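A note on names: the letters A, B, ... follow the listed sequences, proteins ahead of strands, and every chain is numbered from 1. Remember, it's a predicted structure, so these values are computed and weren't measured experimentally.
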Amino acid sequence: MRWSAAFIPTLRDAPADAEAASHQLLVRGGFIRQLHAGHYSLLPLGLRVHEKVAQIVREEIDAIGGQEFLLPAMHPASIWKQSGRWEAMGDEMFRLQDRGGADLALGMTHEEVFSHLATTLHSYKELPQVWYQIQMKFRDEPRPKSGLLRVREFAMKDSYSFDLDDEGLDAAFDAHHRAYVKIFDRLGLEAMPVQASSGAMGGSASIEFMVTSPAGEDDVLVCQSCTYRANVERGTSRLEPVLGSPSDEDVERFPTPGVRTITELENVEESAQAVNQIKTMVMVLDGEVTLALLRGDHQLNLQKLQDSSGAVDVRPATPEEAFEALGARPGSLGAVGVDGIAVFCDVALKERTGMVTGANEDDWHLRGVSVERDIDVNSWVDIREVQDGETCAECGGRLEIVRCIEAGHIFKLGRKYSTAMGISVLDSQGKAQTPTMGSYGIGIGRAVAAIAENHHDDSGLCWPLAVAPYHLLVTVLDVDDPEAMALADSVADLCGAAGLDVLVDDRDARPGVKFADSELIGIPYRLTIGSRSLSNGQVEFTPRVSGETAMLGKESCVEAVLDTILSTK
RNA sequence: CGGGCUGUGGCGCAGUUUGGUUAGCGCACUGGUCUGGGGGACCAGGGGUCGGAGGUUCAAAUCCUCUCAGCCCGACCA
């Protein structure tokens with residue numbers, strides 16, 4: 001490809017609204033352009049990277065026996081109603097109607113469609129199956145952001161396994177785990193597997209593959225001493241026991257005029273250090289007012305509450321709702337004596353005595369509260385969010401919180417969808433069995449962005465060879481010099497014949513422009529042909545990452561270039 | 001969904017407070033001359049219904065109302 005004929009609209013300035021490095025560089029380098037919020041056009045350069053990522057994913061899923069499909073992106077409401085997710089998915093699903101008024105949805109994921117197809121399976125002899133596709137997903141994200149990192153329309157590789165029993169599911173899950181490790185390795189992404197919440201999908205084991213980046217949206221607990229890694233939506237830590245006061249203490253009301261916060265209460269009541277307070281949070285779970293109790297110095301993790309309650313929709317109550325439920329305003333709320341409202345209590349409050357909490361009357365609190373004696377707890381749950389620096393539950397080491405991009409997610413679905421969609425096979429005894437499923441996703445565009453986040457410098461992108469839009473850029477400095485152009489063409493032909501993707505920068509532009517552009521778009525290797533070194537029979541070979549130039553003889557340069565590139569390929 | 005901010009040529013911005021010539025600057029783009037190894041210089045050009053609609057006014061990018069779009073933060077700190 002000749003640059004003079006290519007559409008590579010590079011920009012000197014990034015759009016003002018781009019913050020993430022990948023966002024800025026992908027736009028500046030002419031890889032992507034935004035159509036509207038959360039929807040990006042992939043330009044030729046961007047598509048080349050996208051395709052290379054997809055191909056690596058395809059090869060590794062094929063290698064574990066995956067079979068590729070291409071399913072519709074637009075689905076009838078019926079299959080989503082059958083699985084129960086027509087309601088459960090809420091506003092995140094794009095919905096529309098056809099001319100006949102039939103309800104349709106744009107697929108956010110494809111459990112339903114693959115499960116529907118799997119009703120064609122009838123015998124245990126047909127199992128196991130691993131089915132996958134690389135297809136656009138549509139999600140009406142409340143807040144698309146950061147270029148390709150969070151969008152509303154994106155290509156995703158999603159695979160699904162169907163097995164007769166748990167051993168089979170374990171094997172399919174482990175095979176995907178290994179495949180994902182290989183995929184991210186080939187993509188040049190250091191992705192760590194971490195324990196994760198299963199979220200709305202349900203299921204048991206759930207592992208996310210996380211890439212460290214400040215542009216990410218997930219916080220991961222990383223133990224500095226052992227291999228424990230978990231999303232904060234799932235992770236726990238070891239808590240030092242708190243010495244309580246005697247358990248025979250009586251509950252006592254005391255006035256706290258004007259006190260509204262935990263810190264203020266600490267200042268007016270000697271026994272009320274935050275660890276001795278009960279934080280009462282009024283939440284609304286699927287429309288039901290509910291209390292979530294935490295230690296005063298702890299913080300609620302919404303996802304944990306959602307997971308442990310099984311609720312679909314979780315939000316904090318408005319002050320009005322809280323007042324209606326408990327008769328006091330925020331700042332004086334408590335769960336003592338509360339009846340008829342579900343109470344979820346964090347396990348850190350187990351066996352705690354001598355606690356302080358709101359009295360459900362403005363400007364009054366209670367002391368001497370024994371959690372288990374005085375509060376009617378419906379369920380003990382882990383709903384607190386671990387903070388940076390806490391102690392690892394596995395080894396006692398220090399946990400650090402690391403900002404990450406979720407690049408892949410694998411989990412065991414179990415029989416939820418196979419049951420709902422009516423998949424059934426006969427086992428070797430002739431008895432009907434419901435297969436168990438796994439679901440495994442990688443966002444292709446997000447992987448492109450994650451690679452850009454992790455592989456760039458001040459001058460621009462530095463694509464790993466495996467995903468680079470071109471392997472080699474031949475930069476001709478004097479395009480009017482017939483010898484230079486002839487050499488460039490011959491290098492391009494020979495390297496192309498050897499399997500390399502080659503871009504020739506034949507633009508009549510100043511060297512500075514060409515060098516700056518070459519570094520911006522991040523082709524891994526550059527061969528510079530200029531009359532100055534060419535007069536000595538030499539050309540220059542520069543790896544993008546090191547920037548260190550080696551001189552090569554013009555006759556031997558093709559061989560040397562191929563040696564270098566093919567040996568690292 | 002709450003809060004904040006922003007919409008002026010392909011990109012980055014000024015002008016809006018205090019309404020008043022032909023809406024301006026840098027980059028990019030077109031033609032030309034020079035230049036020729038790190039975003040070069042000069043000359044001459046093209047491109048904008050100032051997000052949209054309505055209103056106030058002799059006069060609106062500027063004031064008012066509505067609306068659309070985009071970005072950031074928040075959506076647990078009781």
Taking the six-membered ring of Phe254(A), is the NZ or CZ of Arg367(A) close enough (under 6.0 Å from the centre) and on axis enough (within 45°)? yes
Considering only atom C1', compute the distance from A44(B) to G4(B) and round it to an integer number of Å. 46 Å
Rounding to an integer number of angstrom, what distance separates G15(B) and G20(B) when you compare their C1' atoms? 14 Å
With a 4.0 Å cut-off on heavy atoms, is [X] in touch with a base, just the backbone sugar-phosphate, or nothing at all?
X	value
Leu302(A)	sugar-phosphate
Ala20(A)	nothing
Leu294(A)	nothing
Asp346(A)	nothing
Pro511(A)	sugar-phosphate
Val27(A)	nothing
Arg150(A)	nothing
Gly530(A)	base
Asn301(A)	nothing
Lys514(A)	nothing
Arg260(A)	sugar-phosphate
Thr263(A)	nothing

Under 3.5 Å, sequence neighbours excluded: what are the donor-acceptor pairs made by side chains of residues 323-333 of chain A?
residue: Arg329(A); atom: NE; partner: Asp362(A); partner atom: OD2; Å: 2.8
residue: Arg329(A); atom: NH2; partner: Asp362(A); partner atom: OD2; Å: 3.3
residue: Ser332(A); atom: OG; partner: Asp363(A); partner atom: N; Å: 3.2

Regarding [N], can its base be found pairing with the side chain of [X] as donor and acceptor, where the two atoms are less than 3.5 Å apart?
X	N	result
Arg510(A)	G40(B)	yes
Glu519(A)	G38(B)	yes
Ser531(A)	G36(B)	no

Report the residues that fulfil salt bridge (Lys or Arg N to Asp or Glu O under 4.0 Å) with Asp140(A), sequence neighbours left out, ordered by chain and then residue number. Arg152(A)
Closest to side chain of Ala37(A), choosing from C71(B), G37(B), A78(B): C71(B)
Paired nucleotide for C50(B) [Watson-Crick or G-U wobble; both distances under 3.5 Å]: none
Would one find a side-chain N or O of Gln34(A) under 4.0 angstrom from OP1 or OP2 of C71(B)? yes
Pairwise N/O distances under 3.5 Å, protein to nucleotides 8-11 of chain B:
residue: C11(B); atom: O2'; partner: Asp13(A); partner atom: O; Å: 3.2

All N/O donor-acceptor pairs, side-chain side in residues 334-345 of chain A, below 3.5 Å, sequence neighbours left out:
none

Which residues pass the side-chain hydrogen bond (donor to acceptor under 3.5 Å, both in side chains) test with Ser533(A), not counting sequence neighbours? Glu540(A)
Do Lys145(A) and Glu19(A) meet the salt-bridge criterion of a basic N to acidic O distance under 4.0 Å? no
Tell me which donor-acceptor pairs under 3.5 Å the side chains of residues 30-37 of chain A have, and how far apart each pair is, sequence neighbours excluded?
residue: Arg33(A); atom: NH2; partner: Pro9(A); partner atom: O; Å: 3.1
residue: Arg33(A); atom: NH2; partner: Val27(A); partner atom: O; Å: 2.9
residue: Gln34(A); atom: OE1; partner: Tyr40(A); partner atom: OH; Å: 3.0

Want to settle it: does Phe515(A) or Pro316(A) sit nearer the 5' end of RNA chain B, counting the closest nucleotide to each? Phe515(A)
